[in-house]
Amino acid sequence: MYNKVIVFEGIDGSGKSYHLNAASKYLKKKKVKHIRLREPGGSKNSEHLRKMLLSNKSDFEKKTDLLIYLSARSENFYKIIKPNLKKKTILIDRFIDSTFAYQHYGFGIDKKIIKLLNKFILGNFKADFTFLHLVQKKKIGNKIKNKKNRYDKFNKNFYNKVQNGFLKLSNKKKNYLKIFSNDSKETNKKIIQNKLDSLIKIR
Ligand code: TYD
């Protein structure tokens, strides 16, 4: 059995958290030791940072935002990811791609800065595999209306840019699998489980 770092990415409302949850239940059933994390959030300090970032009242400048997301990542990396690498499988709800997709493709922050900061924190570390959850273009924005975090105010156009960013990041890469949220949850669960079986070598 292999211990892998597996990321669930996608825009808000794409179903990534649902499928991470289902994947975690599946691994539990198969007795695969694993940890689940979310970004921003995860470790105790990162959860503090999450509250700051996602509160309705927060009005950080976009560069400040970027630095807080990266601060949260740094806490997770040193306190949770690194000590458990190769010991347990790690499932992460959002990681580096979210920062490129939102802060660069969404908010226009220079890609080079994001790359440099990630390198500063993570060195050469890379996740093993990413499930990219995609929302049909005409449905983008529908589910977001019910959400309470401050991204509510961003429109369809913003989420379109972010999703296109995710697609560019995954383009021609082998360690990505696209999950289409207009397919049924059961179909997608099965697709994800099959992939987990082959990645982790679950019998
Ligand atoms: P998420 O955890 O998906 O929120 P929820 O639990 O309410 O579904 O996402 C939190 C928000 O943080 C999301 O709008 C995307 C944003 N985000 C960034 O902008 N950059 C990042 O690097 C990360 C990790 C998240």
Would you call [X] and [Y] a side-chain contact if the rule is heavy atoms closer than 4.5 Å?
X      : Y      : value
Ile200 : Lys30  : no
Asn164 : Tyr105 : no
Asn182 : Leu134 : no
Asp110 : His104 : no
Tyr176 : Phe166 : no
Leu49  : Tyr69  : no
Asn76  : Asn45  : no
Phe100 : Asn118 : yes

Hydrophobic cluster identity match, [X] and [Y], side-chain contacts under 4.5 Å:
X      : Y      : answer
Ile35  : Ile96  : yes
Leu66  : Leu116 : no
Ile109 : Leu169 : yes
Val5   : Ile202 : no
Ile11  : Leu20  : no

Derivation and outcome, side chain to side chain contact (heavy atoms under 4.5 Å, CB included), residues Asp128 and Asn175: CA-CA 7 Å; Asp128 296 295; Asn175 54 342; over 6 Å; no
Donor-acceptor pair between Ser46 and Glu39 side chains, under 3.5 angstrom: no
Derivation and outcome, salt bridge (charged side-chain N to carboxylate O under 4.0 Å, His left out), residues Lys189 and Glu186: CA-CA 5 Å; Lys189 256 197 220 176; Glu186 286 314 309; 3.5 Å; yes
I need the [X] [atom1] to [Y] [atom2] distance, nearest 0.5 Å.
X      : Y      : atom1 : atom2 : answer
Ile92  : Arg36  : CD1   : CZ    : 12.5 Å
Leu117 : Gln103 : CG    : CD    : 11.0 Å
Ile90  : Lys87  : CD1   : NZ    : 10.0 Å
Lys4   : Lys86  : NZ    : NZ    : 7.5 Å
Asp93  : Asn21  : CG    : CG    : 9.5 Å
Leu70  : Asp65  : CG    : CG    : 11.0 Å

Criterion side chain to side chain contact (heavy atoms under 4.5 Å, CB included) on Phe95 and Leu37, from CA distance to verdict: CA-CA 10 Å; Phe95 202 49; Leu37 275 186; over 6 Å; no
side-chain hydrogen bond (donor to acceptor under 3.5 Å, both in side chains) evaluation trace for Lys119 with Asn124: CA-CA 7 Å; Lys119 177 100 186 156; Asn124 292 325; 2.6 Å; yes
Side chain to side chain contact (heavy atoms under 4.5 Å, CB included) assessment of Leu27 paired with Lys33: CA-CA 7 Å; Leu27 294 184; Lys33 277 192 192 156; over 6 Å; no
Full working for side-chain hydrogen bond (donor to acceptor under 3.5 Å, both in side chains) between Ser55 and Ser58: CA-CA 5 Å; Ser55 127; Ser58 85; 4.8 Å; no
Taking all non-hydrogen atoms of both residues, which atom of [X] and which atom of [Y] are closest, and how far apart?
X      : Y      : result
Ser14  : Ser181 : O-CB, 3.5 Å
Ser170 : Lys178 : OG-CE, 4.1 Å
Val162 : Gly106 : CG2-CA, 4.0 Å
Val135 : Gly13  : CG2-O, 4.2 Å

Backbone N/O of Tyr2 and side chain of Lys201: donor-acceptor pair under 3.5 Å: no
Polar side-chain atom of Gln136 near backbone of Lys138 as donor-acceptor pair, under 3.5 Å: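 No.
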Cationic tip of Arg94 above Phe8 ring, under 6.0 Å, 45° of axis: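 No, Arg94 does not sit over the ring of Phe8.
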Show every donor-acceptor pair shorter than 3.5 Å between a side-chain atom in residues 77-84 and any protein atom, with sequence neighbours excluded, or say none if there are none.
unit_1	atom_1	unit_2	atom_2	d
Tyr78	OH	Ile121	O	2.8
Lys79	NZ	Glu75	OE1	2.4
Asn84	ND2	Ile80	O	2.8

Tell me whether [X] at atom [atom1] has more than 12 heavy atoms from other residues, nucleotides or ligands lying less than 6.0 Å away.
X      : atom1 : value
Lys88  : NZ    : no
Lys190 : NZ    : no
Lys126 : NZ    : no

Ring geometry between Phe107 and Phe158 (parallel below 30°, tilted from 30 to 60°, perpendicular above 60°):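 Rings of Phe158 and Phe107: tilted, 30 to 60°.
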Residue pairs fulfilling ring pair (Phe, Tyr, Trp, His ring centres under 6.0 Å) with at least one residue in residues 16-36, sequence neighbours excluded: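 Passing the test, one end in residues 16-36: His19-His133.
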Verdict with reasoning, Leu177 to Ile191, per side chain to side chain contact (heavy atoms under 4.5 Å, CB included): CA-CA 9 Å; Leu177 184 65; Ile191 292 172; 3.7 Å; yes
